[in-house]
Each structure stands twice: as C-alpha cells, then as structure tokens.
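Please read the structure below before turning to the comments.
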Amino acid sequence: MHAQSTGAPAASPAEPDPGADTRAGHDLVDLAHHGDAEVGEGLVDLAVNVRRAPMPSWLAEPITASLANLAAYPDPRPARAAVAARHGRPPAEVLLTAGAAEGFVLLAQALRGACRPVVVHPQFTEPEAALRAAGHTVERVLLDPADGFRLHPDRIPADADLVMIGNPTNPTSVLHPAADLAALARPGRVLVVDEAFADTTCAPGVPGEPESLAARRDLPGLLVVRSLTKTWGLAGLRIGYLLGEAALLERLAAVQPLWAVGTPALAAATACAGPEAVRAERAIAARLAADRDHLVARLSALPGVRVAGRPASAFVLIHRPGADRVRAELRRRGWAVRRGDTFPGLGPDWLRIAVRDRATTDAFIAVLTETLGV
Ligand SMILES: Cc1ncc(COP(=O)(O)O)c(C=O)c1O
C-alpha cells in the first residue's frame, strides 16, 4: 500500500471509450468510465452490478401509487423517518440523495475547506472525480493486491481531514473489518464510508450486515453512504442516502438542489426501509453468497486466473496477464465484463465480473475457458 498524489493527470484507458464522460477534461476520462459503458445490444452483461429481478409488489405498488401525486412537490419527511428508523438513528442523521452518486458531489462541494483529502483505492471512481471536479487536490492511498487489498489503518496520513473508502469495496469485493474503519475516525476528520453494496454482504451467524457502520453514532465525523439502486434494480430511479452527524448533514443539505429526490424515489426509499425489505435483502445476500462461491470456484480452477482477496459482494475481481485482450475477445463472443484499467491501483491485467446465477456463470466459464485457450 502506498500513497500517490494526483495533482498530475491520471493515465488514460488503454482504448478510447466513446461513452466516457469527459465533463472535466482529459484527466477525468478514466475516472468517469463505468460498467454501463461496457454493455450493449446482444451482450450478456457481467459488467454492471445492478441486480436484475422482477420488482417485488411491496416495492412496485408504492412506486406506482406515487405517480398519482406527481403534481405536488416531493416531501422527503416520511422517507427520511423510515430510513432513520431502519438504521436506529434520528431523522436529522439522514439525508436522502439522488443515488449515492449525488452524495459524493454534495460532500465534495460542502467540504471545500478540506486540506488533505485522501481516497483509498482501488475503489469506485466517482468520489475522487467529485472531489477533483470541486477543485480538491486528491491524495490516493493504494491498497496492495499482494496483500489481498487489505486496509492498514496506519497508512492513512494522520492529518488527512477527509478520508474516503468503500466497504465492501468496488471493484475488489473486499470487506474491511468494521474495527479497522472505526480506527480511522477522529475529531477534525470526515470519514466517508461508501456502503453502496453493504446490503449484498452476509456472514454465517451474523443477523445483519457484517462490518457495516450504518448504525454507529459514536464515531466522530463518520458519514456512511448508502445506495438503493443495486439490490433493488433502481439505477434509473436514483435513490440513496447519507447517514451521519446532523450538523455535518446540514452542511451537505445546504448545497443540495431543492427537491433533488423525486416522489417515486422517496416512495422506494420508504418501502426499502421496511422490515419486509430488510428480510428480503438478507435472503438475497445469502443466495448471492452461494452463487459467488460457485463463480469463485470455477474461476479459481482456470490456469493463470487469480481471484483477488476474499470476495464479499456482488462481483469478483480477477487478475490474469493480458486480461484486456481476454475482455475484447469475450466481447466478440457476446459477453461484457468490466475492464480493470480505469481503476487507480489496477491495470490492464484485471477484470471485474458480476456474480450471476449458476447457469449464467457456467455458460460464461465455458466461453472464458475457450477464450483463454485452455
Ligand atoms: C461503490 C459504489 N458506490 C456508489 C455508487 C453509486 O450508486 P448510485 O446508483 O446509488 O448512485 C456505485 C455505482 O456503481 C458504486 O459502485
């Protein structure tokens, strides 16, 4: 694990991506690449980590019912109260956002006074992109693949006053121990833990989400980012939220556009905070773990393929020399996987693969085996 300053432009991806968002110039081209740019007509999608399943009626009904009320401006209070109750917090410790992605922008804008922002990589690139777009100079701490991308809390600079980390982390699928993250919290620092995929994690004998800090109210400066777009297939609706100290959230709310979260998204937030949703999430996470074990076992049996760390989420990161060429060939054969070279700390030898049902995994492994020529 080592630190890297990003005053200089980051490297461009190995091949230009016509779908890339170049809103802030060339230095953000790599950070603005996301899995949705890799899917396309006729391709089996193992690149995007949004679960695709029929929407349950407890979610579809309130979203549909909300359409009758679109003439009114949205009222976030009921959804805020529901999310707060779910996480055992007062409503003032919840800020609803248009997806987790909006949360990163609010943070970057509201915390412009941060002197030493540090982003722990490899991770989802939007937190750094949002910081840079707001004018911050970002320092990277790179976790080490040889070490299974483990976090060593002592490697975060002591005077970093804004630290951003994912748990579980996209794209490594590594789940850091809650104690290691908690050790990073301190007065004078905002610690942002992106838990967009926390609902995909589970552990034997643990009733809730292992290693989540969502209910922790004792850690100074903690801000937990949550998304409802992954497990519930709501990427197009845009709904997520931030959890943290009321005073900190007030600063973020002050830079949020008015009525940022629409009425159907609020209806979804309320429904997804209910006990039925939380029970369903746990069952989905348990099934996902079995499907993930299957994918990991099949991948690990392929010569030259190494699965990174101990995957804990809805995707698996693999290392294979020449993976960029493998990705191109998979694409030619109808399969889209996520390139690794746009993630700081990875490179062209890495690919991220979404966990799907066993039949899809088996079909994928058959094509991958042919592609590798083994
Ligand atoms: C780790 C991580 N955090 C946050 C997000 C953003 O999620 P949302 O759709 O809620 O904006 C993503 C989306 O891919 C992600 O991978």
Side-chain angles (χ1 to χ4, degrees), residues 19-21 30-39 45-52 79 83 94-108 119-131 143 149 151 164-176 181 192-201 209 211-214 223-243 252 256-257 260-262 264-266 268-269 272-273 281 309 311-317 336-340 342-346 352-355:
D21 176 354
D30 61 338
L31 296 179
H33 182 86
H34 296 296
D36 58 348
E38 313 221 19
V39 295
D45 172 14
L46 300 188
V48 176
N49 297 312
V50 172
R51 185 173 148 266
R52 301 210 173 227
V83 170
V94 175
L95 181 63
L96 297 159
T97 55
E102 191 198 17
F104 302 129
V105 175
L106 300 182
L107 271 162
V119 178
V120 180
H121 281 293
Q123 75 148 298
F124 184 53
T125 49
E126 278 303 308
E128 179 172 325
L131 286 172
L143 304 187
F149 295 104
L151 171 71
M164 292 184 140
I165 185 164
N167 208 40
T169 308
N170 172 12
T172 61
S173 203
V174 167
L175 183 64
H176 301 297
L181 296 175
V192 182
V193 181
D194 176 4
E195 292 195 358
F197 287 98
D199 61 357
T200 66
T201 62
E209 299 166 352
E211 318 305 343
S212 170
L213 297 182
L223 207 51
V224 175
V225 181
R226 303 278 299 204
S227 171
L228 295 172
T229 70
K230 316 295 181 191
T231 294
W232 298 120
L234 298 175
L237 193 61
R238 314 304 309 131
I239 180 67
Y241 50 91
L242 303 171
L243 304 168
L252 273 59
Q256 187 176 36
V261 183
L266 294 171
C272 292
E281 265 177 13
S313 190
F315 41 86
V316 168
L317 182 69
V337 298
R338 171 65 160 93
R339 63 195 301 161
T342 62
F343 288 105
L346 299 184
R352 192 193 68 199
I353 299 163
V355 178

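Order of listing sets the numbers, starting from 1, for every ligand and every atom in it. FYI, side chains are in, hydrogens and waters are out, and symmetry mates aren't considered; it's all heavy atoms of this structure.
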| Considering only the protein, which heavy-atom contact is closest to atom 1 (C) of ligand 1, and what is its distance? | Asp194 OD2, 3.2 Å

| Atom indices of ligand 1 within 4.0 angstrom of Ala196 heavy atoms, with elements | 2 (C), 3 (N), 4 (C)

| query | Of the protein's non-hydrogen atoms, which lies at the shortest distance from atom 16 (O) of ligand 1, and what is that distance? | reply | Asn170 ND2, 2.8 Å

| note | Here the gap from His121 atom NE2 to Leu31 atom CG, rounded to the nearest 0.5 Å, amounts to 6.5 Å

| request: Measure Arg238 to ligand 1 on non-hydrogen atoms and call it side chain, backbone, both or neither using the 4.0 Å cut-off. | output: side chain

| message | Among all the protein's non-hydrogen atoms, which is closest to atom 5 (C) of ligand 1, and how far away is it? | response | Phe124 CE2, 3.3 Å

| Roughly how far, to the nearest 0.5 Å, is CG of Asp199 from CZ of Arg226? | 6.0 Å

| query | Say you draw a straight line from CG of Leu237 to CH2 of Trp232; how long is it, rounded to the nearest 0.5 Å? | reply | 14.0 Å

| message | Within the 3.5 Å criterion, strictly below it, is a donor on Glu128 or Gln123 matched to an acceptor on the partner's side chain? | response | no

| said: So, regarding Ala101 and ligand 1 (criterion: nitrogen or oxygen to nitrogen or oxygen, under 3.5 Å), is there a contact or not? | reply: yes

| Gap separating the NE2 atom of His176 from the OG1 atom of Thr169, nearest 0.5 angstrom | 3.5 Å

| request: Please round to the nearest 0.5 Å and tell me the distance separating atom CG of Leu46 and atom CZ of Arg338. | output: 13.5 Å

| field | Geometric class of the Phe124/Phe104 ring pair [parallel <30°, tilted 30-60°, perpendicular >60°] | value | tilted

| query | N/O of Ala100 under 3.5 Å from N/O of ligand 1, yes or no? | reply | yes

| request: May I ask you to identify the nearest protein heavy atom to atom 9 (O) of ligand 1, giving residue, atom name and distance to one decimal place in Å? | output: Thr229 OG1, 2.8 Å

| task | Would you tell me which option among Arg226, Lys230, Glu126 has the nearest heavy-atom contact to atom 13 (C) of ligand 1? | result | Lys230

| query | Hey, is Gln123 one of the residues with a heavy atom under 4.0 angstrom from ligand 1? | reply | no

